[in-house]
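For reference, the structure is listed below as structure tokens.
What you see is a predicted model; the values in this text were computed from it and never measured. Counting from 1, the numbers follow the sequence of the chain as shown. Hydrogens, waters and symmetry mates play no part in the numbers below; they use all other heavy atoms, side chains included.
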Amino acid sequence: MTQSPSQTTTGWTINEWLTAYRSQGLDARAALHSLRDQLSSADASWIYIVSAAELDAQLDALALNSKSADAKNLPLYAIPFAVKDNIDVAGIPTTAACPAFTYIPESDSTSVARLKAAGAIVLGKTNLDQFATGLVGTRSPYGAVPNSFKPEYVSGGSSSGSATTVANGLVPFSLGTDTAGSGRVPAGFNNIVGLKPTKGRFSTKGVVPACRSLDCVSIFSLTLDDAELVASLIEGFDAADGYSRKAPAAATYFSATPRFAIPAAPNWFGDAQAQAAWELTLEKMRALGVELIAIDFTPMFNLAQLLYGGPWVAERHAAIGEFMQEHASEMNDVVRSIVEKAVNFSATDCFHAEYQRADLARLIQTLMSGFDALLVPTSPRHPTTAEVAADPIGVNSQLGTYTNFVNLADCSALALPAAMRTDGLPFGITLIAPAWQDAALVSFGKKWHVSTQLPLGAINKKQTEIVATTESPKGYVRLAVVGAHLTGMPLNVQLQERKALFVESTFTAKNYRLYALPNTTPPKPGLIRTETEGAEIIVELWDVPVQHFGSFVALIPAPLGIGTLTLNDGREVKGFICEGAAVNGAKDITHLGGWRAYIKSLQK
């Protein structure tokens, strides 16, 4: 028997929606109409809310187009989401927050089309800084979007409405865009996740360009699980997008003990609350085992200055220059003044700037090669709406201190909640890594987000613990190590050099015996499967990148090798084995249960 919604659905994650549909009999049509009825056009977060008929049309199409006998098996079955109003949704106006620019697209953007194919339902289009030009969330004729914690403070932009609809629990996720930080600053200001992918990972076909060579579709969500799921559904090469790129075959991940570079001398522009939250964040990072190294961010700052101080404003003009010829007077004054600076740059200037960008990007990438990621404040300050109004260009520039360089340097980034300031505002951090390190950012981000124990968004909802996966990531081999490769042992560095991921400490099945092999340096054990009496032996599981597995195996000396081990829960994994003849004369240490206990006994 189907049920109508008996409780509010606001604040639900994707998993909670799916559980209600699949296990509790929640009726999708009733639930989504009830949710739509709660939305208000007076909320500045929205530019357009779908009508009841438009909602029904999507639900009808979902039922009609699903090839599955049960549409509820779709990964995003009837999951509501919001779309920044510079991303096309078929039949719904796209305004880019400029009424004179309005058009009605005939087809969905690639990202929206892929989400609809997965079962998701668009609830509406969200407000933004006009033409995605700004990091403040105030440059819109549809109204300034207030911060979800304190309305006198800015929400951040340009993806302001996409962030606040998630932070306030109206939808579990939304789409934004990010050219200079538009998918990160609003996340930091509203205590939510902001995933800015590697350029080209998500198609930008059907997106009104800001700077087309830099633009990314971004994802806002309450949790990393939701962001990761949505990303997996919209990623992929799109031949119709000239800037789409094919991802590497296998992801890479951070070291077991991550090394993050941090800015040596952050400028907080007078925001002592942000500075205090940052210092607390660094303490928590160190407590998680992260090594933090202060470096000079001058190359990043120099690259960031090119975005608005160089000819990339001409790329913004390239996107809307024809429109401006007839409608410049109908644009936001600040946005128009920025785009009009395009006349100050020649084609020659553009090439000189591109050469400078390439040189700085190479320098930054070289600096980053010694670290797993950069760790920065998402924004060095959180201004009020009045402060932005008093100095719209200057304050906006300050907010982009750690965001403007990222796409110019071809990096991936993930904005994460970090702390609550004592004034009641959230403080966020951003992890920045080279291109195609998106999975590494999300993997670490999950651990960090749970460790903060912060509520989700602005809805005062607790987080759930991370559920460990039983499978290796794509492109990895799960390996059991038993001796000198254990954490803290002499050869563990061989795993860390290959970016192997620690999974867990566990035990073999009961039919193994462990021996201390004679004349090995450093000392090594031999693990033997036995048909007679054995014991469970402690092992560590590590996921090793496939491309580095061969080089790891090449380091293993005889009589050791790699075979298949059976664990105490029945799983089979690759692991260290030993030739049977090698244990003749070796010391049987099975009774100690593991190599660490043996090493400790020697020390005694």
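Residues meeting the side-chain contact (heavy atoms from CB on, under 4.5 Å) test with P434, sequence neighbours left out: M368, Q437.
The nearest pair of heavy atoms linking L517 to P559 is CD1-CG, 4.3 Å. In terms of heavy atoms, R529 sits closest to T566 at NH1-OG1, 3.6 Å. Between F427 and A274 the shortest heavy-atom distance is CE1-O, 3.7 Å. Here the closest non-hydrogen pair linking S379 and L399 is OG-CD2, 3.3 Å. Across Y598 and S601, no two heavy atoms sit closer than the pair O-OG, 2.5 Å. For the pair L292 and L375, the tightest heavy-atom approach, listed with the atom from each and the gap, is CD2-CD2, 3.9 Å.
Side-chain contact check for T487 and E540: at least one donor-acceptor pair (N or O, by modelled atom type) lies under 3.5 Å. Between the side chains of T590 and D588, at least one donor N or O lies within less than 3.5 Å of an accepting N or O. Inspection of the K84 and S162 side chains reveals no N or O donor paired with an N or O acceptor under 3.5 Å. Under the 3.5 Å distance criterion, with hydrogens and angles disregarded, no donor-acceptor pair is assigned to the side chains of D226 and S221. No hydrogens or angles considered: a donor-acceptor pair under 3.5 Å links the side chains of D372 and S255. Side-chain atoms of D296 and T298 include a donor-acceptor pair closer than 3.5 Å. Between the side chains of T177 and S182, no donor N or O sits under 3.5 Å from an acceptor N or O. For the residue pair T204 and D215, no side-chain donor N or O sits within less than 3.5 Å of a side-chain acceptor on the partner.
The backbone N or O of L456 lies less than 3.5 Å from no partner atom in the side chain of N191, so there is not a single donor-acceptor pair. Looking at D271, its side chain never comes within 3.5 Å of a backbone N or O of R381 through a donor-acceptor pair. Side chain of D241 to backbone of S203: no donor-acceptor contact under 3.5 angstrom is found. Judged by distance alone, with hydrogens and angles left aside, the side-chain atoms of T508 form no donor-acceptor pair with the main-chain N or O of L567 at under 3.5 Å.
Side chains of S443 and L224 form no contact here, defined as non-hydrogen atoms less than 4.5 Å apart. Counting heavy atoms from C-beta on, the side chains of F173 and T13 never come closer than 4.5 Å. The side-chain heavy atoms of M300 and L374, taken from C-beta on, include a pair separated by under 4.5 Å. Between V544 and K499 there is no side-chain heavy-atom pair separated by less than 4.5 Å. Between F444 and P258 there is a side-chain heavy-atom pair separated by less than 4.5 Å. Looking at Q365 and L363, their side chains never come closer than 4.5 Å, going by heavy atoms from C-beta outward. By the 4.5 Å heavy-atom criterion applied to side chains, N492 and L486 are not counted as neighbours. Counting heavy atoms from C-beta on, the side chains of W542 and V481 come closer than 4.5 Å.
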Quick one, I234 with I219, criterion side-chain contact (heavy atoms from CB on, under 4.5 Å). Give me CA distance, side-chain angles, the key distance, then yes/no.
CA-CA 10 Å; I234 64 176; I219 298 168; 4.1 Å; yes
Dump the intermediate steps for side-chain contact (heavy atoms from CB on, under 4.5 Å) on V539 and T506, then the final yes or no.
CA-CA 6 Å; V539 294; T506 186; 3.9 Å; yes
Go through D543 and V477 one step at a time and tell me if the side-chain contact (heavy atoms from CB on, under 4.5 Å) criterion holds.
CA-CA 5 Å; D543 286 336; V477 176; over 6 Å; no
Just do the side-chain contact (heavy atoms from CB on, under 4.5 Å) check on L303 and L306 with the steps written out, would you?
CA-CA 6 Å; L303 182 56; L306 290 177; 3.9 Å; yes
Under the criterion salt bridge (Lys or Arg N to Asp or Glu O under 4.0 Å), I'd like the reasoning laid out for D238 against K205: C-alpha separation, chi angles, the key distance, then a yes or no.
CA-CA 8 Å; D238 181 3; K205 181 179 181 293; over 6 Å; no
T378/T430 under side chain to side chain donor-acceptor pair (under 3.5 Å): CA gap, chis, key distance, verdict
CA-CA 5 Å; T378 298; T430 295; 2.8 Å; yes
Could you walk me through whether R571 and E504 satisfy the salt bridge (Lys or Arg N to Asp or Glu O under 4.0 Å) test, starting with their C-alpha distance in whole Å, then the side-chain angles of each, then the deciding distance to 0.1 Å, before giving a yes or no?
CA-CA 13 Å; R571 285 179 291 168; E504 63 176 305; 3.1 Å; yes
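Other residues, nucleotides and ligands contribute more than 12 heavy atoms inside 6.0 Å of the NZ atom of K284. The number of heavy-atom neighbours closer than 6.0 Å to CZ of R362, taken from other residues, nucleotides and ligands shown, is 12 or below. Atom CG of N584 sits in a crowded spot, with more than 12 heavy atoms from other residues, nucleotides or ligands closer than 6.0 Å. When the shell of 6.0 Å around CG of N519 is examined, it contains 12 or fewer heavy atoms from other residues, nucleotides or ligands.
To the nearest 0.5 angstrom, N460 atom CG is 11.0 Å from L454 atom CG. Note that the NZ atom of K574 and the OG1 atom of T564 stand 3.5 Å from one another [nearest 0.5 Å]. Note: D225 CG to N15 CG = 8.0 Å, rounded to the nearest 0.5 Å. To the nearest 0.5 angstrom, I432 atom CD1 is 3.5 Å from F405 atom CZ. Here L479 contributes atom CG and R498 contributes atom CZ; the two are 11.5 Å apart, rounded to the nearest 0.5 Å. To the nearest 0.5 Å, the span separating CH2 on W436 from OG1 on T198 amounts to 5.5 Å.
Note: W278 and W268 have tilted aromatic rings, judged against thresholds of 30 and 60 degrees for the angle between ring planes.
The pair D178-K196 does not meet the salt-bridge criterion, since no charged nitrogen lies less than 4.0 angstrom from a carboxylate oxygen. Salt bridge E354/R357: present, at least one basic N to carboxylate O contact under 4.0 Å. Salt bridge status for E16 with K461: present, with a side-chain N to carboxylate O gap under 4.0 Å. Salt-bridge formation is detected for the pair E228/K446: a Lys NZ or Arg NE/NH1/NH2 atom is positioned less than 4.0 Å from an Asp or Glu carboxylate oxygen. With respect to D410 and R245, a salt bridge is recorded, a charged nitrogen being found less than 4.0 Å from a carboxylate O. Classification of E291 and R259 as a salt-bridged pair holds, one side-chain N sitting under 4.0 Å from a carboxylate O.
If you look at F254 and F260, their ring centroids are closer than 6.0 Å.
Annotation: cation-pi pair K246/F237 present, NZ/CZ under 6.0 Å from the ring centroid and within 45° of its normal.
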